[in-house]
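Positions are given from 1 along the sequence.
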Amino acid sequence: MLPIVDFLRRRGRQAAGALAEQLGISRATLMRAVRAAGDELVVRGAARRTQYAARRALRGQAAPLPVYRVDAEGTPQQIAWLHLTAPDGSALEMLQPLGWPLDEAARDGWFDGLPYPLQDLRPQGFLGRAFARHHAATLQVAEDPAAWSDDDTLHALSLLGEDAPGDLIVGEAACRRWLQRVRAVRAGEAEAPLREAALAQAYPAQADAAMAAGLPGSSAGGEFPKFTAWRDGADGRPQAVLVKFSGSDDSPGTRRWADLLVCEHLAGGVLPALGLPAAVSRIVQAGGRTFLEVERFDRHGALGRSGLLSWGALNGECFGLAGRSWAEAGRALAARGWLAAQDAEALARLWQFGRLLANTDMHDGNLSFRPGEGAVPLRIAPVYDMLPMLYAPARGVELPPREYRPELPLPQDAAAWQAAAPVALAFWQRAAADERISAGFRAVCAENTRRLAALLG
Ligand SMILES: Nc1ncnc2c1ncn2[C@@H]1O[C@H](COP(=O)(O)OP(=O)(O)OP(=O)(O)O)[C@@H](O)[C@H]1O
Ligand SMILES: [Mg+2]
């Protein structure tokens, strides 16, 4: 192995000056060594920003992986080459703008791990675990995707990641699978979307299958039991949906989860009054289960896709504000010019709304962005997973007593709180009156209406 490759393999990427110095060679000798190493090196950044890294193979394959973006008609276009670097990290050679904001190092394509927009493609949660169990033996990876290295993830995505969240596909094999689907849809050979009248039969069967063996697709994260489906859309086009479902027994824990799914649907219904888009949802009750069906906003018709980026992925790469409020997220994003000021204000209202809804689960994966328009690269994606998680059964089944104690805002949060409180009140009122919710939990919602109204004065 050439000394320059050996050095970079051990030390990670280096700028030209530092590299020449550490190898004890002149710039001219360095340039000759770089040329001699050829494809064994990854070179990114122009002029003074040029850096060099040794190329890392993925399971013996040294060639870079193509990254594709699927448009609103379902057509993939290559937007980048993904090079892996030693000892870890990657470099994205962009052929088109990535469409997501990049910090200083990433602007030249360098990432310490996988490029952060690919983090959301990782199989995770309920569906991701089923996907991993299903394919672990073939892919030679662990059955728990949380234990996968970046290389395991890329290996899996590059072979089977054609239907991940958002609009990105990595690797030629995965792209071929996507094209097979496009072909099937265009040839009229794809499975027909579910008709409205078929849902009451189909959803319970899907839920049983998801619980028994898990379904092999993995196009959404989240821990709650769910499956993905296609059904006839209101506009006559097929609509991709995520369907979360409660258990089918009549235990108090199961009943509570069913109540909470209805609450999630009702919260989505009041969010527009807060100036925020929400995922369109509805409740289907069938086969002893309650289903919350949510229309996917990263899928359009039979084949169209659009970009989706979680705050978790963006935060981990560019901010390091883990565990902080979405209001702070909005302020940090607006300060960098990545989010419009009015979107940052909307996030402050959303955070207050969630607190007044007793949503104790507003984690970084429950907030996402879509590509922005014009100069601002991000806008808030429709809100999802907004519900009073305070009342979630503990360990999935127990129902310890919970007390709703809405709080008054600090003066700096008062405007957002004032906007959010009437909308939260409307939520509790609707929940208290909705007969799909059990009488016991409706009483809790009625009491919460009184408590919040008292605070509003
Ligand atoms: N309407 C939607 N369109 C597209 N993607 C969605 C939509 N709703 C949710 N998602 C994606 O699916 C993931 C799982 O959804 P959701 O958060 O509702 O599930 P969950 O299992 O309740 O999550 P958690 O583990 O946070 O409780 C989200 O993190 C988001 O990435
Ligand atoms: Mg969630």
Side-chain angles (χ1 to χ4, degrees), residues 9 12 42 53-70 76 78 80-92 111-181 209-228 242 298 305 308-310 312-313 316-317 363-365:
R9 214 169 259 294
V42 179
R55 186 179 296 281
R56 186 174 100 236
L58 176 66
R59 302 216 174 181
Q61 299 288 324
L65 289 164
V67 179
Y68 309 91
R69 182 161 51 217
V70 181
Q78 189 181 350
W81 287 107
L82 178 63
H83 305 266
L84 299 187
T85 57
D88 47 30
S90 60
L92 209 50
F111 294 89
D112 291 338
L114 290 181
Y116 77 90
L118 298 183
Q119 296 291 358
D120 289 331
L121 276 59
R122 231 172 230 284
Q124 48 192 310
F126 180 85
L127 290 177
R129 279 193 299 275
F131 173 88
R133 268 199 309 277
H134 204 86
H135 298 294
T138 328
L139 294 172
Q140 296 188 299
V141 292
E143 291 212 349
D144 176 7
W148 290 7
S149 65
D150 282 354
D151 282 6
D152 292 339
T153 305
L154 260 189
H155 176 60
L157 289 177
S158 67
L159 295 176
L160 297 169
E162 78 278 8
D163 192 23
D167 60 356
L168 298 177
I169 295 178
V170 187
E172 211 175 287
C175 190
R176 281 220 184 84
R177 287 171 63 96
W178 176 257
L179 290 173
Q180 276 167 17
R181 172 189 302 210
M211 288 318 285
L215 303 162
S218 170
S219 39
E223 294 302 324
F224 201 79
K226 61 174 80 57
F227 55 83
T228 55
L242 279 180
D298 60 344
R305 293 170 62 169
L308 186 62
L309 177 67
S310 73
E317 172 77 15
H363 59 71
D364 288 1

Assess the side chains of Gln119 and Arg122: does a donor N or O sit below 3.5 Å from an acceptor N or O? yes

If you define the side chain from C-beta out and look only at heavy atoms, does anything of [X] sit under 4.5 Å from [Y]?
X: Leu160; Y: Thr138; answer: no
X: Glu172; Y: Gln78; answer: no
X: Trp148; Y: His155; answer: no
X: Met211; Y: Phe126; answer: yes

Over 12 foreign heavy atoms within 6.0 Å of CG, Asp112: no

Gln140 atom CD: more than 12 heavy-atom contacts under 6.0 Å: no

Got a donor-acceptor contact below 3.5 angstrom from the [X] side chain to the [Y] backbone?
X: Thr228; Y: Leu242; result: no
X: Arg56; Y: Gly89; result: yes
X: Asp120; Y: Pro117; result: no
X: Trp178; Y: Asp163; result: no
X: Arg133; Y: Glu143; result: no
X: Arg305; Y: Ala164; result: yes
X: Asp364; Y: Gly312; result: no

For [X] against [Y], the heavy-atom pair lying closest together:
X: Gly113; Y: Ser90; answer: O-OG, 2.7 Å
X: Leu127; Y: Phe227; answer: CD2-CA, 4.3 Å
X: Leu157; Y: Ala174; answer: O-CB, 3.3 Å
X: Leu65; Y: Gly171; answer: CD2-CA, 4.2 Å
X: Ala136; Y: Ala142; answer: CB-O, 4.0 Å
X: Ala147; Y: Asp152; answer: O-OD2, 4.5 Å

Only one of Val70, Ile169, Val67 passes side chain to side chain contact (heavy atoms under 4.5 Å, CB included) with Cys175; say which it is. Ile169

Calculate, to the nearest 0.5 Å, the distance between atoms [atom1] and [atom2] belonging to [X] and [Y] respectively.
X: Leu168; Y: Glu162; atom1: CG; atom2: CD; value: 14.0 Å
X: Ser149; Y: Asp88; atom1: OG; atom2: CG; value: 11.0 Å
X: Leu84; Y: Asp150; atom1: CG; atom2: CG; value: 9.0 Å
X: Leu118; Y: Leu82; atom1: CG; atom2: CG; value: 6.5 Å
X: Leu121; Y: Ser158; atom1: CG; atom2: OG; value: 11.5 Å
X: Ser310; Y: Tyr116; atom1: OG; atom2: OH; value: 10.0 Å

